[in-house]
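Here the structure comes first, spelled out in structure tokens, and everything after it is commentary.
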Amino acid sequence: MAITLFMIFLLALPFFLFIILLKQSISNNGNFNHLPPGPPGLPFIGHLRMLMLDNSLLPHIFLWKPSQNYGPLMSLRFGFKPTLVVSSAKMAEAVLKTHDLDFCSRPSLRDAMRLSYNALDLAFSPYTDYLKEMRKLCVVHLFSRVQKYRPIREDQIGRLVEKISQLSVDSNPVNLSEAMMCLSSSIICRIGFGKRYDDGAERSRFHELLKETEAMLSCFSFSDYFPFMGWLIPQKEDLIDVLPRIRMDRDFPFDLTIDHIKAILMNVFIAGTDTAAATVIWVMSALMKNPECLKKTQAEFCPERFLGNSIDYKGLNFEFLPFGAGRRVCPGMRIGVAEVELVIANHLYKFDWEMPTGMNKEDLDFDTVPERFMINRCIVIVTYLLLNCSTSHLVLFQPYPKTLIKGVSNTMHV
Ligand code: HEM
């Protein structure tokens, strides 16, 4: 008898689940009446259908397209997740400034939690007292040491210039994307761990780790994989020493464990590497596409001329937000800018650039690479995707150009 009842229960279960899901779906659609306009969604899957039909499109294009009809603040629903799509500077300001507090938290994505030691880091942590203290600590003790890292930046960029010069003497093309990734990760490894990993097996291992982590982040499925912190041995005081020292010296309101330290170093490594590399690659790709601008920029490279310009990159002008804005603005901004500025200055001042033999500027592909879409960061903000308004979290994408310049420096100025 008990078995029969159990069997009936099992058979009826899908039906009850169906009714519950249908009710929830209807009530979610009903809630949409109070949300900004958006295209009609289907029960259960909402707008996931659009994603499936439009799978040839990149996420930011796919999200931006319907906003042409429904306006710069548009509602979508992916499954049971209500989603706001923001696609204008004015709306970005409303979200990142006026309502920053409502939107500055982060989702609790299972894989992100695993990667960040249960949100002990900065990037995936929800907006709590812990995050506020940790951001303060990192900004004051880690990310403010821009001048201290100057010799590292200069040394690594000097090595890169040397390498490019060598290639240009032999008329070989330069793979700029590879060179930039190598430069950024070398700088970050020296800043973070006090060691050089720009040659040999260790470098490949770092790059593999970075690629894997990005793949895990972008497909929303992370593996439990961050053993690399263990085999790094610091030489002098690098970031890896600072946190344990603070743990001993200071009255930090939270217990700083080894997992806190690993989570922060994971952020430094991931957030500080491809962001700077991608920025340089975008700039160089855009200049290669517009040779006139390249020549003009080379003739008058002088970043100070932008001082006093009313539009800057620090998160106050919402039409240009390379580092985000508001309470979650990039805390490594000064380190990133210092690297990007010095590399671009060297690229423009020391070399003439042209497309490799057999390629011309039309071959540069400015479509973005789907697998380089990352949570929480962006270089060029095309669309802000706000997932799940009820828990207020924000997902930003970081597009990466598809054809990164394959090369080229033939004649040297200096
Ligand atoms: C050109 C280089 C860089 C660019 C363009 C960049 C851009 C960004 C952006 C757009 C965000 C997201 C902001 C938001 O959610 O509103 C971010 C967050 C972050 N960045 Fe950067 N970044 C760069 C370099 C760095 C460096 C060098 C570091 C560390 C050494 C760093 C550490 C972080 C961290 C920890 C976060 C998460 C902050 C939080 O969620 O509270 N970034 N970055």
Side-chain angles (χ1 to χ4, degrees), residues 86 92-93 95-97 100 103-107 112 115-116 119-128 130-139 141-146 148-149 152-153 180-181 183-193 217 238-240 242-243 260 263-283 313-316 318 320-344 372-382 384-387 392-400:
V86 175
E93 179 167 6
V95 165
L96 294 169
K97 188 177 170 191
D100 186 26
F103 287 105
C104 68
S105 208
R106 296 285 194 234
L115 187 69
S116 61
L120 293 183
D121 70 333
L122 300 183
F124 296 110
S125 171
Y127 194 69
T128 56
Y130 166 74
L131 179 87
K132 285 187 236 171
E133 286 300 330
M134 201 45 134
R135 266 188 73 107
K136 220 186 300 166
L137 181 143
C138 289
V139 168
H141 295 283
L142 307 186
F143 302 144
S144 61
R145 306 168 143 220
V146 183
K148 188 171 182 274
Y149 305 137
I152 296 180
R153 270 193 303 274
M180 283 313 305
M181 281 302 289
L183 175 80
S184 280
S185 61
S186 306
I187 292 178
I188 281 293
C189 286
R190 284 181 67 180
I191 286 177
F193 317 122
L217 284 165
D238 311 295
L239 296 191
I240 205 166
V242 177
L243 291 168
H260 290 85
I264 296 297
L265 290 172
M266 178 275 285
N267 273 189
V268 170
F269 183 63
I270 305 296
T273 302
D274 71 331
T275 43
T279 307
V280 173
I281 292 159
W282 272 108
V283 170
Y313 57 82
K314 294 186 185 134
L316 298 174
F318 293 84
F320 182 51
L321 294 168
F323 295 96
R327 288 170 171 79
R328 302 305 285 256
V329 70
C330 173
M333 188 192 307
R334 288 179 59 209
I335 298 181
V337 168
E339 176 184 334
V340 167
E341 200 176 286
L342 197 58
V343 180
I344 292 178
R372 300 304 285 240
F373 278 83
M374 306 272 301
I375 307 170
N376 295 336
R377 289 182 296 151
C378 62
I379 296 290
V380 180
I381 295 181
V382 182
Y384 281 98
L385 171 64
L386 306 177
L387 281 175
S392 319
H393 61 253
L394 178 61
V395 176
L396 304 176
F397 291 115
Q398 176 201 21
Y400 221 71

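All ligand and atom numbering here is 1-based and tracks the order in the structure. Just so we're clear, the structure is a prediction, and the values are computed from it rather than from any experiment. Counting from 1, the numbers follow the sequence of the chain as shown.
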Donor-acceptor pair, side chain of Tyr130 and main chain of Leu120, under 3.5 angstrom: yes
Non-hydrogen side-chain atoms of Phe143 and Leu122 separated by less than 4.5 Å: yes
Sub-3.5 Å N/O-N/O distance, Arg328 and ligand 1: yes
Euclidean distance, Ile152 CD1 relative to Ile188 CD1, rounded to 0.5 Å: 9.5 Å
From the candidates Gly272, Ser105, Ala123, Cys138, the one that places a heavy atom nearest atom 27 (C) of ligand 1: Gly272
Nearest candidate to atom 32 (C) of ligand 1, where distance is taken over non-hydrogen atoms, out of Ser125, Gly336, Ala271: Ala271
Numbered atoms of ligand 1 (with element) below 4.0 Å of Pro322, judged on heavy atoms: 5 (C), 7 (C), 10 (C)
From the candidates Cys330, Cys104, Ala277, Pro126, the one that places a heavy atom nearest atom 8 (C) of ligand 1: Cys330
Location of contacts on Thr279 toward ligand 1, heavy atoms closer than 4.0 Å: side chain
Arg135 side chain near Val329 side chain, heavy-atom distance below 4.5 Å: yes
Numbered atoms of ligand 1 (with element) below 4.0 Å of Arg135, judged on heavy atoms: 38 (C), 39 (C), 41 (O)
Value rounded to 0.5 Å, distance of OG in Ser184 from CD1 in Ile281: 8.0 Å
Distance filter under 4.0 Å to Phe143 heavy atoms, resulting ligand 1 atoms: 29 (C), 30 (C)
Test item: Val280 and Glu339 side chains (from C-beta on) under 4.5 Å apart, heavy atoms: no
